[in-house]
K.L.:
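Have a look at the structure that comes next, please.
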There are 4 protein chains.
Amino acid sequence: MSDEMRQFDQIEEELTEKHWKILEAAVKVFSEKGYGASRTSEVAKEAGVSEGTIFNYFKTKKDLLTSMVIPLVVRFFRPLILLSVEKIFRTRKDRELEDVLLDVMRDRVKLVKSNLPLIKTVATEAAYHPELLDPIREQMAPKLVEIAAKFFQEEVAKGTLRDVDPVLALRALMSLLGGYILMREVMPEAMRLQDEETELRRLLDLYLHGVAKQDRQE
Amino acid sequence: MSDEMRQFDQIEEELTEKHWKILEAAVKVFSEKGYGASRTSEVAKEAGVSEGTIFNYFKTKKDLLTSMVIPLVVRFFRPLILLSVEKIFRTRKDRELEDVLLDVMRDRVKLVKSNLPLIKTVATEAAYHPELLDPIREQMAPKLVEIAAKFFQEEVAKGTLRDVDPVLALRALMSLLGGYILMREVMPEAMRLQDEETELRRLLDLYLHGVAKQDRQE
Amino acid sequence: MSDEMRQFDQIEEELTEKHWKILEAAVKVFSEKGYGASRTSEVAKEAGVSEGTIFNYFKTKKDLLTSMVIPLVVRFFRPLILLSVEKIFRTRKDRELEDVLLDVMRDRVKLVKSNLPLIKTVATEAAYHPELLDPIREQMAPKLVEIAAKFFQEEVAKGTLRDVDPVLALRALMSLLGGYILMREVMPEAMRLQDEETELRRLLDLYLHGVAKQDRQE
Amino acid sequence: MSDEMRQFDQIEEELTEKHWKILEAAVKVFSEKGYGASRTSEVAKEAGVSEGTIFNYFKTKKDLLTSMVIPLVVRFFRPLILLSVEKIFRTRKDRELEDVLLDVMRDRVKLVKSNLPLIKTVATEAAYHPELLDPIREQMAPKLVEIAAKFFQEEVAKGTLRDVDPVLALRALMSLLGGYILMREVMPEAMRLQDEETELRRLLDLYLHGVAKQDRQE
DNA sequence: CATGAATGAGACTTCATTCAT
DNA sequence: GATGAATGAAGTCTCATTCAT
């Protein structure tokens with residue numbers, strides 16, 4: 001395990017079961033009303049503890065918000081390093097690139113969807129509490145870029161992908177997936193969204209081949 | 001002028017100069033601290049009026065927030081209909097598709113950037129006040145889809161674009177632009193962003209031709 | 001008027017009528033229950049304003065306490081400079097020293113008694129908020145010492161008083177008066193206190209001539 | 001032993017070692033922050049016990065405060081009766097009155113100084129919890145008055161002291177000592193205090209002979 | 001219309017006290 | 001007897017909103 005994870009492991013191990021219960025209650029309440037409009041009394045009720053107990057575990061209400069980086073890292077960063085990446089590389093050999101990418105897309109969408117309240121809260125509150133993004137900026141993003149770069153470069157070497165900037169390619173894929181998830185949440189009819197499998201396949205096709213008619217040679 | 005715009009025109013015409021001064025002050029303050037953490041007293045100071053005056057023009061603080069759809073529509077929806085679209089079609093004939101799209105991208109990015117406080121506020125608060133998105137969902141998005149559909153269909157007919165779902169194509173372009181703007185605001189270094197013109201060109205290239213090595217025939 | 005008073009004048013002039021109303025309510029409530037055990041709601045009720053109004057005039061509850069130095073200075077320091085001293089000197093010429101001192105004692109006891117709640121509060125809270133004593137330490141005490149020194153020195157020159165340290169003499173007189181007032185408040189029976197005039201005369205006699213049988217020559 | 005002491009002895013004997021440890025911790029903490037601003041958790045930490053344990057020994061926080069009369073009586077009242085008084089009388093015969101009084105003053109100042117936290121706490125809190133003074137009012141003060149009366153009367157009989165009210169003389173001595181100790185704690189510079197021995201000698205001189213020039217005969 | 005003093009509901013937070021272990 | 005997690009009542013302070021001037 002990398003050094004940079006040590007601190008989060010320690011944090012995680014310091015968190016008792018009740019810590020987690022309260023934190024999850026906060027994620028739920030904050031995601032429904034927003035941090036500012038949420039009441040610590042609601043978090044307490046949701047967690048099944050008294051209001052005072054919250055403050056035995058989290059110094060302030062704000063602390064409850066900033067502590068959300070912990071599950072964020074635990075659920076998104078650690079799996080990124082320990083599991084998914086290996087899996088992608090292990091399973092790549094004998095499969096079509098498209099299948100691999102489709103799997104990745106399915107997997108990421110599933111992960112995001114199952115953590116939507118957490119992500120929604122962090123994403124919206126990060127606009128006014130930028131420190132929430134620090135671990136993403138400083139640890140997750142660089143690691144993600146590193147992994148993506150390695151993957152894309154290998155594909156370029158194999159001749160399956162064009163020699164585009166791997167970070168650009170990564171950003172583009174994330175943008176497409178992010179846009180899809182956002183539209184699906186916010187205005188699925190207006191954007192005429194279909195079932196997820198179809199959408200992901202269409203996105204992947206567009207990601208791989210673009211929208212232009214193929215009349216150019218590289 | 002379409003019927004659906006009437007209401008906004010009326011609203012706009014009802015808004016006095018002081019309405020706008022207060023509303024702009026609110027956009028500024030809300031975008032810096034977030035709606036919940038902003039104080040009506042700060043908005044008053046920023047607008048150069050007394051606190052009581054705000055409530056002569058806007059019934060409640062929430063009213064200040066929901067009223068932000070007005071400038072949003074005025075600045076994004078009306079130009080969409082009256083100006084840019086015509087321009088795109090007018091200038092299309094004698095120019096390369098790529099140039100046209102690049103112009104559109106530049107134009108949209110510029111528009112978003114010049115209205116970032118307003119968009120940031122509406123985007124984050126919409127998470128907990130969905131009614132903020134109603135005019136977007138019900139008026140802007142359909143109109144946008146309509147325009148895009150017409151445009152993409154004509155291009156398909158000309159043989160410049162593949163026959164992909166125009167709404168998918170629209171969403172994809174918006175996603176790429178949105179992802180770019182977001183990354184530029186949030187973590188430009190981690191995502192290794194370069195100057196805007198370069199980024200937009202790379203995005204357009206990727207949008208048109210995808211990331212895959214062109215070895216397939218349609 | 002001396003420079004050192006300017007700041008307090010300014011402070012005093014900045015204080016509106018409502019400032020004073022709240023401050024006096026606070027003095028009353030604090031003196032009955034102590035600062036810590038007093039509730040801002042009680043101060044509000046006593047002042048006849050809403051609880052919120054208190055915080056329009058005093059930033060915090062603590063501010064209410066520290067602001068008590070203002071009436072303290074206004075009522076004890078200013079009269080000290082402007083009135084009493086002159087009076088003492090003016091009336092000295094043609095009167096017995098004992099009468100003059102007795103007048104001073106009566107006057108000071110009266111002043112203290114009429115401000116007992118304020119003094120009680122400042123005295124007890126100063127034990128844990130030493131900044132309350134700053135104006136006393138830095139302005140009142142030195143001025144008092146200066147006045148006393150001048151007075152005692154003149155008396156020594158006249159041959160009415162022994163050549164003792166004027167500051168010691170001042171302290172001793174204050175101690176005797178303070179002890180008297182304290183005992184009167186706290187345990188008048190146990191200390192067998194009599195009517196005030198008698199007590200003050202006995203104290204003055206003791207102050208002037210001591211307890212020892214006069215068998216010594218200086 | 002007098003009847004009136006029985007209760008305190010009993011109380012004292014009921015107090016276990018842990019009682020004392022907690023009580024002394026409370027004295028320390030209360031004297032630093034004041035009763036109201038002190039936290040039982042701090043007392044617990046200072047005493048080296050858990051917070052719950054405090055409440056096994058003292059029913060409430062208030063109980064901790066009122067229990068402080070116990071050490072107060074133990075340290076001030078009992079020695080008063082059992083030791084010092086006898087000593088004073090025993091040593092009086094063959095010594096100058098001044099030496100005796102100076103010894104008493106030195107002894108009392110030393111006793112007060114070595115118990116300053118306790119006295120400071122009781123003195124300030126007594127302003128709002130008068131019951132703290134009950135044992136002083138009802139037991140210590142009368143005893144003290146009794147002893148002083150006997151002493152002063154004997155001195156008057158010997159011709160060493162004027163025939164002043166012994167209680168007045170007692171109060172005056174206590175006032176001078178109290179004022180000295182207070183000034184020494186609160187504003188030693190402003191009151192130009194010198195070393196203790198000098199101060200006590202000067203106070204005694206003033207106490208015995210007054211400030212007036214001796215030109216009168218009794 | 002504009003003002004800003006006054007309001008008071010309600011939020012966060014503290015902390016003495018309890019009690020199961 | 002000792003512990004310390006849990007409690008919840010209560011306190012200070014904030015701030016959107018009102019309204020008399």
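Being a predicted model, the structure only gives us computed values, none of them experimental. Proteins come first, then strands; the chains are lettered A, B, ... in the order of their sequence lines, and each starts at number 1.
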K.L.:
Could you identify which residues of residues 41-49 of chain A place a heavy atom less than 4.0 Å from some atom of DNA chain F, listed by residue number, or say none?
P.N.:
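When residues 41-49 of chain A is checked for heavy atoms under 4.0 Å from DNA chain F, the hits, listed by number, are A:Val49.
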
K.L.:
Nearest-Å distance, OH (B:Tyr35) to P (F:dC15)?
P.N.:
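Checked: the OH to P distance equals 13 Å.
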
K.L.:
Going 5' to 3' along DNA chain E, between which two nucleotides do contacts with chain A fall, using a heavy-atom cut-off of 4.0 Å?
P.N.:
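Listing 5' to 3', DNA chain E meets chain A from E:dA11 to E:dT14.
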
K.L.:
How would you list all residue pairs meeting salt bridge (Lys or Arg N to Asp or Glu O under 4.0 Å) that involve residues 49-58 of chain C, not counting sequence neighbours?
P.N.:
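Those involving residues 49-58 of chain C do not exist here.
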
K.L.:
Can you tell me how far apart CD (C:Glu17) and CD1 (C:Ile22) are? Round to the nearest 0.5 Å.
P.N.:
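So the gap between those two atoms works out to 11.5 Å.
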
K.L.:
For residues D:Leu72 and D:Ile136, determine if any side-chain heavy atom of one lies less than 4.5 Å from a side-chain heavy atom of the other.
P.N.:
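Yes, their side chains come closer than 4.5 Å.
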
K.L.:
Report the distance from atom CG of B:Leu64 to atom C1' of F:dA16, rounded to the nearest whole Å.
P.N.:
11 Å

K.L.:
Using heavy-atom distances to pick each residue's nearest nucleotide on DNA chain E, tell me which of D:Glu51 and A:Glu51 is more 5'.
P.N.:
A:Glu51

K.L.:
Out of curiosity, C:Thr60 OG1 to C:Leu65 CG, how far, rounded to the nearest 0.5 Å?
P.N.:
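Reported to 0.5 Å precision, the distance equals 9.5 Å.
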
K.L.:
Apply ring-ring contact (aromatic ring centres under 6.0 Å, His included) to B:Phe55 and list each qualifying residue two or more places apart in sequence or on a separate chain.
P.N.:
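B:Phe55: no ring-ring contact (aromatic ring centres under 6.0 Å, His included) contacts found.
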
K.L.:
Just jot down the side chain to side chain donor-acceptor pair (under 3.5 Å) partners of D:Ser67, sequence neighbours excluded, or say none.
P.N.:
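By the side chain to side chain donor-acceptor pair (under 3.5 Å) rule, D:Ser67 matches no residue at all.
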
K.L.:
Test: salt bridge (Lys or Arg N to Asp or Glu O under 4.0 Å). Region: residues 19-36 of chain B. Which pairs qualify, not counting sequence neighbours?
P.N.:
B:Glu24-B:Arg75, B:Lys28-B:Glu32, B:Lys28-B:Glu46, B:Lys33-B:Glu42

K.L.:
Checking C:Ala123 now: which residues fulfil side chain to side chain contact (heavy atoms under 4.5 Å, CB included) with it, not counting sequence neighbours?
P.N.:
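Partners of C:Ala123 by the side chain to side chain contact (heavy atoms under 4.5 Å, CB included) criterion come out as none, since no residue qualifies.
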
K.L.:
By nearest nucleotide on DNA chain F, pick out whichever of B:Arg39 and D:Ser50 is the more 5' one.
P.N.:
D:Ser50

K.L.:
Starting at CG of C:Leu23, measure out to OH of C:Tyr57 and round the result to the nearest 0.5 Å.
P.N.:
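Interatomic distance, C:Leu23 CG to C:Tyr57 OH, rounded to 0.5 Å: 13.0 Å.
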
K.L.:
Strictly below 4.0 Å, heavy-atom distances to any atom of DNA chain F: list the hits from residues 52-61 of chain B, or just say none.
P.N.:
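Here the set is B:Phe55, B:Thr60, B:Lys61.
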
K.L.:
Can you tell me which stems DNA chain F forms, taking runs of 3 or more consecutive Watson-Crick or G-U pairs with both distances under 3.5 Å?
P.N.:
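DNA chain F forms these stems: E:2-21 with F:2-21.
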
K.L.:
About how many Å separate CD1 of B:Ile70 and CG of B:Leu118, when rounded to the nearest 0.5 Å?
P.N.:
11.0 Å

K.L.:
Could you name each residue pair satisfying salt bridge (Lys or Arg N to Asp or Glu O under 4.0 Å) that touches residues 115-137 of chain A, not counting sequence neighbours?
P.N.:
A:Lys62-A:Glu131, A:Asp134-A:Arg137

K.L.:
With sequence neighbours left out, which residue pairs that include part of residues 27-50 of chain A fulfil the ring-ring contact (aromatic ring centres under 6.0 Å, His included) condition?
P.N.:
A:Phe30-A:Tyr35, A:Tyr35-A:His129

K.L.:
Base, sugar-phosphate or nothing for C:Lys62? Non-hydrogen atoms, less than 4.0 Å.
P.N.:
nothing

K.L.:
Report the residues that fulfil side chain to side chain donor-acceptor pair (under 3.5 Å) with C:Ser50, sequence neighbours left out, ordered by chain and then residue number.
P.N.:
C:Thr53

K.L.:
Answer yes or no: does a side-chain N or O of B:Thr40 lie under 4.0 Å from OP1 or OP2 of F:dA16?
P.N.:
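Result: yes.
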
